[in-house]
Amino acid sequence: MIAHTQAPQPLDYAIIGNGRIAALLDRSARIVWWCFPRFDGDPVFSRMLAGDEEKGFTDVLVEGAVRTHSAYLRNTAIVETVIEDDAGNGVRIIDFAPRYPRFERMLHPAQVIRRIEPIGLPRVKIRVRPTFNYGEPRSAQVEGSNHIRYSGGEITLRLTTDAPLSYIVHETSFALARPVTLVFGPDESLEAAADTVSREAMERTRDYWLGWVRGLAVPLDWQSDVIRAAITLQLCNFDETGAIVAAHTTSVPEAPFTQRNWDYRYCWLRDAYFVIMALNRLGATQTMESYLDYITTLAIDSKGALRPVYGIVHDQPLTESVAENLDGFLGMGPVRVGNQAAEQIQHDSCGSIILGVSQMFIDQRLPRMGDEALYRRLEILGHHALRVFLEPDAGIWEYRGRSRIHTHSATMCWVALDRLARIAALLGLQGDADQWRARADRVRREILTRGWSDKLGAFAGALDLDELDASVLLLPELGLISPKDPRFTKTLDVIGRELGRNGFMLRYTNDDFGAPETSFLACQFWYIDALTAAGRVEEARVLLDELLSRRNAFGILSEDIHPETGQLWGNLPQTYSMAGIVNSCMNLSRNWAEAWPHDPAPEPGATSSV
């Protein structure tokens, strides 16, 4: 049964960005989150995590406002918000981060640009209240001729504007009779007047996104949903290194008042396969190639063992701490910076890397294909996977208080061996291929034997135990077992019955913090894909349509959904969830040839029934 109750949505945020920075704004155009000067930086706008404190934001207040409408400009990452009073006076606000080709390279400065255009003659108030060092007030503010410099710690944020500076500094209402521009960014002068810069940047950024979308391979069904997911995935790609972050936020709780608050502004290796698959199917080859470069760097640098998560610059430490000056999302702290998962033992990492990099050995579109030298590097990871596949670890869910021989981790070790066998065969290294195949077959037999639970009547989440876990839904996707195998079809039924809550899928029944309250959305997509692969297509389509209806007002999904209230929780935009939209829609869509049924034309002289 599917939930139809819809409580007020706490995560109705849009994201704007350009491959260097990303900012979140609510439906009234208040920018509430912006890490500066890059994805993992200090949030100069931190209101989303400031509890009840009115700090860390910029907004535009319209006197007597009664109506607000906010949406993306079609097929772009540009947000337009209209705020009006009861007489029809108001403002049109355009928010974006510049991204477009210039001087034979992609221009993507650490800037957010806001244009405010009057509708009629509104009275407005422009407020700018940045924070520094994760929630501390500015330590200095200096006004220039057409800019304000805000400073705190080692960071300086500059606002260049053609709006009256004194009105902004004192948060004074004034009649807006002409368009004004606000350019937030580094402490650097603009090349031209703010209005000129913003108009050119908006036009060229819009043209960039329209052209990028035009080059996508989208399915016939759910086109707009997939396009929005694709743009959002692109906004999670850090251009410089190719890393794709799990989300752009930290510490939005997985469920209310649970302290399940984590920093997701980093790159998890287990995301690699699903993200690469989504980008490949979309035809976004440049982004895919950039991401492959990032994970190939990790493979080359590795001596075997890999961390489960890396920074956008891979050698940066991710030491976890708590930001004491931020009370948390809706007051639900703590706010964590860094992630302890980087210190955990998780044995799925080697398989995740090899699974992702294997694309380089088969994709002729890539300018640099995989070769024997890269294969030899990957072999080091394969030998490590073979050594550890029967050792306990923290698992895909990163348990902090227990370890198991997790079925998913062991399967990913098998994936490492299986893909190495296939790669060796492609390279004509038959002796190597035979060796890796024999090793893979031995590991597979071990998993299928010890992973099956007679008590559950299903594959269990850990070998030799009787605990259900939604991650075993991935076994057919990874190639360990056929989706039509009776053991898997029984598993699919058991998981649907035991882990389903009001139409949404839990990860498991218990963890370090107790019973989970919300559904992890990636599991819902895994369930949908497993149903599709098992031939239960109509069930899958119903669940997919329902899940898409639960996106926020801007078409974005976070990490989790509450199965009773329908509210989204967890960090956003969640890469896993957005890749899930792409992959599940691709799996279930009709073929483009079915867009216009080829019915025979009527015979000459016959009366058409149309």
Side-chain angles (χ1 to χ4, degrees), residues 2 219 221-222 273-274 276-278 280-281 348 351 355 358 362 396 406-419 421-422 425 437 440-463 466-500 503-508 522-547 579-591 594:
I2 294 175
D221 299 321
W222 303 292
Y273 170 66
F274 299 97
I276 288 172
M277 180 167 62
N280 178 36
R281 298 173 83 173
D348 62 344
L355 188 60
S358 63
I362 61 172
I396 185 174
H406 290 99
T407 305
H408 176 77
S409 298
T411 299
M412 291 305 296
C413 289
W414 170 81
V415 164
L417 312 181
D418 174 77
R419 297 319 189 264
R422 300 187 193 198
R437 175 55 55 208
D441 289 346
R442 176 166 62 86
V443 171
R444 180 175 181 270
R445 285 192 297 270
E446 194 86 21
I447 296 169
L448 292 178
T449 300
R450 297 174 60 184
W452 178 261
S453 165
D454 287 328
K455 181 178 178 180
L456 295 173
F459 285 108
L463 304 193
D466 301 314
E467 301 169 350
L468 272 181
D469 190 311
S471 63
V472 300
L473 292 169
L474 293 172
L475 297 182
E477 180 71 49
L478 297 170
L480 189 81
I481 193 170
S482 166
K484 303 293 180 65
D485 188 295
R487 291 168 295 181
F488 184 74
T489 57
K490 290 177 183 177
T491 299
L492 189 56
D493 289 337
V494 171
I495 286 180
R497 182 175 66 248
E498 299 297 329
L499 294 183
F504 294 101
M505 195 60 53
L506 300 183
R507 288 178 272 192
Y508 40 67
C523 295
Q524 191 75 1
F525 286 112
W526 298 345
Y527 185 60
I528 289 168
D529 292 343
L531 288 173
T532 304
R536 295 160 62 177
V537 173
E538 290 308 313
E539 290 178 65
R541 290 183 70 96
V542 169
L543 289 175
L544 178 58
D545 282 333
E546 174 64 22
L547 186 48
I581 291 175
V582 174
N583 291 324
S584 293
C585 289
M586 291 279 194
N587 290 340
L588 284 165
S589 175
R590 294 171 298 156
N591 189 284
E594 299 176 71

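Position 1 is the first residue of the sequence; numbering continues from there.
With sequence neighbours left out, the side-chain contact (heavy atoms from CB on, under 4.5 Å) criterion links S358 to I423. For the side chain to side chain donor-acceptor pair (under 3.5 Å) test, residues two or more places apart in sequence or in another chain that qualify with E467 are R404. Every residue two or more places apart in sequence or in another chain that forms a salt bridge (charged side-chain N to carboxylate O under 4.0 Å, His left out) with D418 is listed here: R422, R437. For the side chain to side chain donor-acceptor pair (under 3.5 Å) test, no residue two or more places apart in sequence or in another chain qualifies with N583. Taking the side chain to side chain donor-acceptor pair (under 3.5 Å) definition, one finds that T491 meets it with nothing, sequence neighbours left out. Partners of W222 according to the ring pair (Phe, Tyr, Trp, His ring centres under 6.0 Å) rule, which considers only residues two or more places apart in sequence or in another chain, do not exist here. For R590, the salt bridge (charged side-chain N to carboxylate O under 4.0 Å, His left out) partners at least two apart in sequence or on another chain are D221. For D454, the side-chain contact (heavy atoms from CB on, under 4.5 Å) criterion is met by W452, not counting sequence neighbours. Residues forming a side chain to side chain donor-acceptor pair (under 3.5 Å) with E498 (at least two apart in sequence, or on another chain): none. Taking the salt bridge (charged side-chain N to carboxylate O under 4.0 Å, His left out) definition, one finds that R536 meets it with D493, E539, sequence neighbours left out. Checked against side-chain contact (heavy atoms from CB on, under 4.5 Å), R444 has the following partners two or more places apart in sequence or in another chain: W414, L448, L480.
The CD atom of E538 sits 11.5 Å away from atom CG of L543, with the distance rounded to the nearest 0.5 Å. A distance of 9.5 Å separates CE of M277 from CG of N280, quoted to the nearest 0.5 Å. We find the CG-CZ distance between L492 and R497 to be 11.0 Å, quoted to the nearest 0.5 Å. Separating the CG atom in D545 from the CD1 atom in I528 is a distance of 9.0 Å, to the nearest 0.5 Å. In this structure, OH in Y273 is found 9.5 Å from CE in M412, a value given to the nearest 0.5 Å.
Residues F504 and L547 meet the side-chain proximity criterion, which asks for heavy atoms closer than 4.5 Å. By the 4.5 Å heavy-atom criterion applied to side chains, L506 and C523 are not counted as neighbours. Counting heavy atoms from C-beta outward, F459 and I481 have side chains that approach closer than 4.5 Å.
The minimum heavy-atom distance linking A440 with L417 is given by the pair CB-CB, 3.8 Å. Considering every non-hydrogen atom in both V443 and A410, the closest pair reads CG1-O, 4.3 Å. Residues G535 and K484 share a closest heavy-atom pair of N-CE, 4.0 Å. G496 and Y527 make their closest contact through CA-OH, 3.6 Å (heavy atoms, listed as atom of the first residue, atom of the second, distance). Shortest non-hydrogen contact noted between F488 and S482 is CB-O, 3.8 Å. Nearest heavy atom pair, residue A416 against residue G351, reads CB-CA, 3.9 Å.
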Item to complete: Show your working on side chain to side chain contact (heavy atoms under 4.5 Å, CB included) between M505 and W526 and close with a plain yes or no.
Response: CA-CA 9 Å; M505 195 60 53; W526 298 345; over 6 Å; no
Worksheet entry | Full working for side chain to side chain contact (heavy atoms under 4.5 Å, CB included) between N587 and R281 | CA-CA 10 Å; N587 290 340; R281 298 173 83 173; 2.7 Å; yes
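With respect to L544, the side chain to side chain contact (heavy atoms under 4.5 Å, CB included) criterion is satisfied by exactly one of L588, L531, D529, T532: L588.
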Could you pull out all donor-acceptor pairs under 3.5 Å where a side-chain atom in residues 468-475 meets a protein atom, sequence neighbours excluded?
| unit_1 | atom_1 | unit_2 | atom_2 | d |
| --- | --- | --- | --- | --- |
| D469 | OD1 | W397 | NE1 | 3.0 |
| D469 | OD1 | S471 | N | 2.8 |
| D469 | OD1 | S471 | OG | 2.8 |
| D469 | OD2 | W397 | NE1 | 3.1 |

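Between the side chains of D348 and S409, no donor-acceptor pair of N or O atoms lies under 3.5 Å.
E594 places no side-chain N or O within donor-acceptor distance of the main-chain N or O of S589, the cut-off being under 3.5 Å.
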